[in-house]
Trainee: 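Please find one structure pasted underneath; my questions will follow.
So that the names make sense, note that chain A is the first sequence line, chain B the second, and so on, each numbered from 1. As the structure is a computational prediction, the values presented were derived from the model and not from experiment. Atoms considered below: every heavy atom in the structure, side chains included; atoms not considered: hydrogens, waters and symmetry mates.
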Amino acid sequence: MLLIHCPYCKESRDQSEFSPAGEAFIARPKNPEGISDDEWADYVFYRTNHKGNHWEQWVHANGCRKYFLVERSTISHQILQVAPFGARNSETEL
Amino acid sequence: MQTKYSWYSLLKAGLSGQDWDQAIPLIQPKSKYDVIIIGAGGHGLATAYYLAKECGINNVAVVEKGYIGGGNTGRNTTIIRSNYLRDEASSLYEHALQLWEGISEDLNFNVMFSQRGVYNLGHNLQNMRDIERRVNANVLNGVDAVVVDANEIKQQIPIINTSKNARYPILGASYQARGGVARHDGIAWGFARAASMLGVDIIQDCEVIDIEVEEGRVKGVKTTKGEIMADRIGCVSAGHSSVLAKMAGLRLPIESHPLQAFVSEAMKPVLHTVVMSNAVHGYISQSDKGDLVVGAGIDGYNSYAQRGSTKIVEHAAAAILELFPIFSRVRMNRQWGGIVDVCPDACPIISPTKVEGLYFNCGWGTGGFKATPGSGNVFAHTIAQDKQHPLAEPFHINRFTTGGLIDEHGAAGVAH
């Protein structure tokens with residue numbers, strides 16, 4: 001089980017309080033009419049599915065109910081860092 | 001030297017102190033093959049077998065980073081059925097089930113396929129409406145299925161709790177008599193041995209570290225045992241499909257999740273069939289050895305770690321005890337996880353890719369074991385003819401672009 005730190009509640013709580021909410025930094029296309037079906041498919045369905053350190057979204061479902069960002073290893077499950085939503089927009093960009 | 005198994009070979013080996021021939025040779029790869037299959041699980045080995053047997057392509061290598069059947073083939077709960085809702089899915093799984101029915105004779109290897117029937121329980125009126133709809137669809141598609149009520153279930157399975165006062169009372173079920181279980185390792189060993197007797201090279205302990213692509217065409221693979229060239233490569237690597245796709249510069253509509261299962265200590269026969277429930281989410285059968293085999297759900301987060309959360313195991317155990325209070329004192333023996341490749345529509349991808357000569361058979365998610373022979377069969381034809389087998393056509397990766405998804409999540413896909 002994971003011990004997850006909620007950046008809003010500033011508490012480390014058991015995983016059972018949280019729900020995973022998918023890969024982070026998937027931005028909705030800015031000009032939805034202008035892009036191809038392939039680009040839509042990539043946005044809606046295609047995923048990076050990293051093996052290694054992976055940025056993902058979690059929601060503190062049984063707590064403050066806010067979404068936030070977590071960098072976690074998909075090999076060891078170790079949580080490397082958490083960040084509130086909007087604190088960064090990609091794996092590298094702060 | 002490999003010889004056919006028979007009564008005579010059994011008697012001879014029995015009398016000579018179990019002096020069996022080696023089932024498959026341990027070999028080093030050649031530098032070039034017609035086809036390379038990446039992943040020696042059930043699906044990959046089945047692909048190689050049918051390439052050699054039905055497509056006349058014997059110059060095939062199956063490369064495997066671990067040992068044969070050591071991934072999800074050896075980690076699943078071995079349930080076999082074909083009672084899917086959608087025409088595309090039920091045709092594919094029914095094709096597989098029909099192959100299962102003759103597979104032990106075909107492979108000359110006892111895979112212990114046991115058609116002990118599969119019950120899919122319903123716990124409320126909407127469940128029962130869905131079950132009736134699915135059974136009707138199955139019958140129209142030539143798949144055997146009936147709706148049974150709670151009394152019939154109780155008659156067949158006396159230990160099940162059909163009390164109306166249960167938290168999730170059992171109202172009825174769909175029943176597929178031709179469904180059942182098989183020996184999970186057996187199918188990998190059987191396909192490996194039969195493929196190897198047809199000239200296929202099965203190379204274990206050989207991890208693919210790169211896929212070589214030149215001008216949009218696949219050239220070969222770099223492995224821990226050197227470079228191997230081939231014009232056609234089939235990736236059948238389940239949870240690691242995205243990792244292989246990345247080597248070829250591709251992305252997949254797949255996420256990898258841990259799926260857990262556990263077994264109890266061995267007991268006298270107590271459950272003679274397979275019971276599944278989507279609503280409380282648990283599935284259970286008793287193996288020939290006597291242990292209860294229980295399947296849980298997936299964890300929602302991505303993982304390649306072959307282990308999951310304890311709360312998922314707890315949830316599955318609670319579901320099984322709801323159905324079978326008699327098991328409350330049974331001690332669990334082992335628990336494990338496998339990494340499943342989940343597609344957005346709970347259906348597989350059996351498809352060519354944007355890289356010429358590179359094919360993927362993946363996305364089987366939580367329910368690939370039942371499809372093992374059918375999956376290998378249609379994938380072999382897809383690779384051999386560079387054209388999708390008719391049963392594989394709806395499972396093209398383009399469906400995520402065109403919108404032609406095959407939604408099995410709601411109907412049958414939750415508990416595979």
Trainee: Please classify the contact of Leu405(B) with chain A as side chain, backbone, both or neither, using a heavy-atom distance under 4.5 Å.
Mentor: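 Contact with chain A: side chain only.
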Trainee: Within a reach of under 6.0 Å around OH of Tyr67(B), are more than 12 heavy atoms found that belong to other residues, nucleotides or ligands?
Mentor: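 No - once you tally the heavy atoms of other residues, nucleotides and ligands closer than 6.0 Å, there are 12 at most.
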Trainee: Please report the closest heavy-atom contact between Phe400(B) and Ala41(A), naming both atoms and the distance.
Mentor: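 Of all heavy-atom pairs spanning Phe400(B) and Ala41(A), the closest is O-CB, 3.3 Å.
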Trainee: Relative to chain A, which segment of Leu252(B) carries a heavy atom at a distance below 4.5 Å: side chain, backbone, both, or neither?
Mentor: backbone
Trainee: State which residues pass salt bridge (Lys or Arg N to Asp or Glu O under 4.0 Å) with Lys225(B); sequence neighbours excluded, sorted by chain then number.
Mentor: none
Trainee: Over all heavy atoms of both residues, which pair between Gly300(B) and Pro20(A) is shortest? Give the atoms and the distance, please.
Mentor: C-CG, 3.5 Å
Trainee: Could you please show the donor-acceptor pairs under 3.5 angstrom between chain B and chain A, with distances rounded to 0.1 Å?
Mentor:
from, atom 1, to, atom 2, distance (Å)
His240(B), NE2, Lys51(A), NZ, 2.8
Ser242(B), OG, Asn49(A), ND2, 2.8
Arg251(B), NE, Asp42(A), OD1, 3.0
Arg251(B), NH1, Thr48(A), OG1, 3.2
Arg251(B), NH2, Asp42(A), OD2, 3.3
Arg251(B), NH2, Tyr46(A), O, 3.3
Leu252(B), O, Arg47(A), N, 3.2
Ile254(B), O, Asn49(A), ND2, 3.4
Ser256(B), N, Asn49(A), OD1, 3.1
Ser256(B), OG, Asn49(A), ND2, 3.0
Asn302(B), O, Arg72(A), NH1, 3.4
Asn302(B), O, Arg72(A), NH2, 2.6
Ser303(B), OG, His77(A), NE2, 2.7
Tyr304(B), N, Thr74(A), O, 2.7
Tyr304(B), OH, Asn49(A), O, 2.7
Tyr304(B), OH, Asn49(A), ND2, 3.3
Arg307(B), NH2, Ser76(A), O, 3.0
Ser309(B), OG, Gln15(A), OE1, 3.3
Ser309(B), OG, Gln15(A), NE2, 3.0
Thr401(B), OG1, Asp38(A), OD1, 3.3

